[in-house]
Each structure stands twice: as structure tokens, then as C-alpha cells.
Protein chains: 2
Amino acid sequence: MIYNRIKMLRTEKGLSRKELAKAVEVNFQTIGYLERGDYNASLELAFKLAEFFEVPIDMAFSPRPFKTLAEELAAARAAE
Amino acid sequence: MIYNRIKMLRTEKGLSRKELAKAVEVNFQTIGYLERGDYNASLELAFKLAEFFEVPIDMAFSPRPFKTLAEELAAARAAE
DNA sequence: TCATATTGTTGTAGATATACAACATATATA
DNA sequence: TATATATGTTGTATATCTACAACAATATGA
């Protein structure tokens with residue numbers, strides 16, 4: 001199981017699933033499946049999505065659950 | 001089509017396909033298929049491989065052909 | 001040479017990803 | 001209210017990924 005931040009990245013851009021789907025050339029229902037975690041993106045689609053959102057691929061996908069923003073902040077502070 | 005450096009990363013470590021396959025828990029023939037470009041890894045397998053080789057995922061996989069070492073060197077020098 | 005390991009090829013089968021249609025529900029907006 | 005848009009659910013069909021078996025070809029080493 002691979003976790004993803006597609007929904008967050010999409011809504012942050014104010015896009016509908018249909019619009020995102022068109023941008024990365026998949027069916028709009030496929031975006032829904034990914035966001036709900038029904039199945040994983042293919043590697044090809046993962047690269048397309050990461051490229052579209054202009055983030056490194058492991059910012060959009062992760063084999064482990066993503067940290068919350070609060071956890072990220074705490075980790076960043078601890079790293080200083 | 002996604003390009004990969006699995007063969008390079010594997011041989012660099014002096015591993016056979018069978019050994020690598022065992023490490024990432026797939027059939028050894030699956031490694032062969034990936035190295036030959038017969039098909040792409042799933043996102044899950046891509047993460048496993050990147051983690052095993054301790055490289056960022058886009059060092060092991062890319063939607064565009066990888067640069068040769070010579071090109072990488074030239075690019076690195078130009079960036080200074 | 002013989003034996004063994006490694007890789008490539010072909011084929012079958014199962015699992016997963018994607019497309020697409022139909023319909024339900026919710027939400028926003030005229 | 002009525003209409004449109006967005007999302008969720010279910011089902012079918014196709015493509016792609018993975019496992020596994022059998023065999024050929026090549027290399028490596030005793």
C-alpha cells in the first residue's frame with residue numbers, strides 16, 4: 001500500500017478531479033480511486049502527477065503514512 | 001515508458017537478479033523484465049528498490065532517459 | 001571437460017491498474 | 001426550487017504487472 005497526497009495537492013490548486021485528470025491524461029474516476037486509496041498509481045502516473053504538481057515524487061507518494069503538518073514542523077525544528 | 005537504473009545499481013553491488021529479487025520480495029524473473037524494460041515496476045516495487053539501494057526514487061527511475069555519466073559530469077561542472 | 005550459476009525467451013495464469021457507464025448523493029448557484 | 005457540478009459506488013472490460021515453469025544460451029569455476 002502506497003500513501004499519497006493527491007487530494008491535498010489537488011485541492012490546494014483549486015482543481016476538480018476532472019481538471020486534474022485531464023492534465024495528467026487519465027479518466028477522472030481514476031483520480032478518485034487514487035485519492036480514496038482504492039489502488040496505487042502506476043509508476044508512470046505517479047511521475048506525471050509529481051511533475052504536474054511540481055513536487056518531488058516522494059512528496060506526493062510514500063510507502064509510509066505521511067506526517068501531519070504539525071509533525072513536519074516539529075521535525076524541522078528539531079533538525080536545527 | 002519509465003527508464004530505470006536497476007541493472008547498474010544491482011551490478012554495482014555485485015548482486016545476481018536472484019539475490020536482488022529476494023531482497024525486495026519478487027520473483028527473480030521480474031527483475032529481468034524490469035532491467036530489460038519489458039514493463040515498468042509498480043509504484044510499490046519502485047519504492048522498495050529505491051529503498052534497498054538507498055537512493056532517491058528518481059535516481060533509480062525516470063520518465064526520461066538517464067544521462068550518461070559523462071553528461072552528468074558536464075552538467076555538474078556547468079552548474080558551478 | 002563437467003557442473004553450476006546466471007541470464008534470456010516463451011508461455012500460462014492471477015492480481016492490479018485503468019477506462020468507462022450508470023446511478024446515487026451532496027453541494028453550490030441561478 | 002431547479003439546475004449544474006463534484007464526488008462516491010457498483011459493475012464490466014481491457015491493459016499491465018507479477019509469479020511461475022520450462023528450456024536455451026552463456027559464462028564461470030572445479
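Chain letters run A, B, ... following the sequence lines, proteins first, then strands; residues in each count from 1. Predicted, not measured: the structure shown is a model, and the values here were computed from it. Keep in mind that the numbers below use all heavy atoms, side chains included, and drop hydrogens, waters and symmetry copies.
- For S16(B), whose side chain is taken as the heavy atoms from C-beta onward, the closest listed nucleotide among dT18(D), dA19(C), dT6(C) is dT6(C).
- The residue from I57(A), L9(A), L34(A), V55(A) that alone fulfils the side-chain contact (heavy atoms from CB on, under 4.5 Å) condition with L49(A) is L34(A).
- Relative to the side chain of V26(B), the nucleotides dA19(D), dA6(D), dT18(C) differ in distance, and dA19(D) lies closest.
- In this structure, L45(B) places its CG atom 12 Å from P of dA17(C), rounding to the nearest Å.
- Nearest heavy-atom pair across Y3(A) and R64(A) is CD1-C, 3.4 Å.
- Proximity of R36(B) to the phosphate of dT10(C): no side-chain N or O atom is located under 4.0 Å from OP1 or OP2.
- Regarding contacts with the backbone of dT16(C), every side-chain N or O of S42(B) stays at 4.0 angstrom or more from both OP1 and OP2.
- Here the P atom of nucleotide dC17(D) and the NZ atom of K48(B) are 17 Å apart, to the nearest Å.
- Looking at N40(B), its side chain never comes within 3.5 Å of a backbone N or O of E44(A) through a donor-acceptor pair.
- With hydrogens and angles ignored, a donor-acceptor pair under 3.5 angstrom links the side chain of Y33(A) to the base of dT10(D).
- Residue Y39(A) contributes atom OH, which lies 16 Å from atom P of dA15(D) at whole-angstrom precision.
- Computed from coordinates, the Q29(B) CD to dG11(C) P distance equals 14 Å when rounded to whole Å.
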Before you tell me yes or no, could you show the steps for F52(B) and L20(B) under side-chain contact (heavy atoms from CB on, under 4.5 Å), namely the whole-Å CA-CA distance, both residues' side-chain angles and the distance that decides it to 0.1 Å? CA-CA 9 Å; F52(B) 176 76; L20(B) 174 56; 3.6 Å; yes

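- Per the geometry, CG belonging to L43(B) stands 18 Å off P belonging to dT16(D), to the nearest Å.
- Atom CG of N27(B) is separated from atom P of dA22(D) by 13 Å (rounded to the nearest Å).
- Between N40(A) and dT16(C), a side-chain N or O to OP1/OP2 separation shorter than 4.0 Å is absent.
- Listed nucleotides dT18(C), dC17(D), dT7(C) differ in distance to F28(B); the shortest reach to its side chain belongs to dT7(C).
- One can place CD of E44(B) at 20 Å from P of dT16(D), the figure rounded to the nearest angstrom.
- Look at CG on L15(B): it is 11 Å from P on dT6(C), rounded to the nearest Å.
- A close approach under 4.0 Å does occur between a side-chain nitrogen or oxygen of R10(B) and OP1 or OP2 of dT7(C).
- Within a 6.0 Å radius of NZ in K13(B), more than 12 heavy atoms belonging to other residues, nucleotides or ligands are found.
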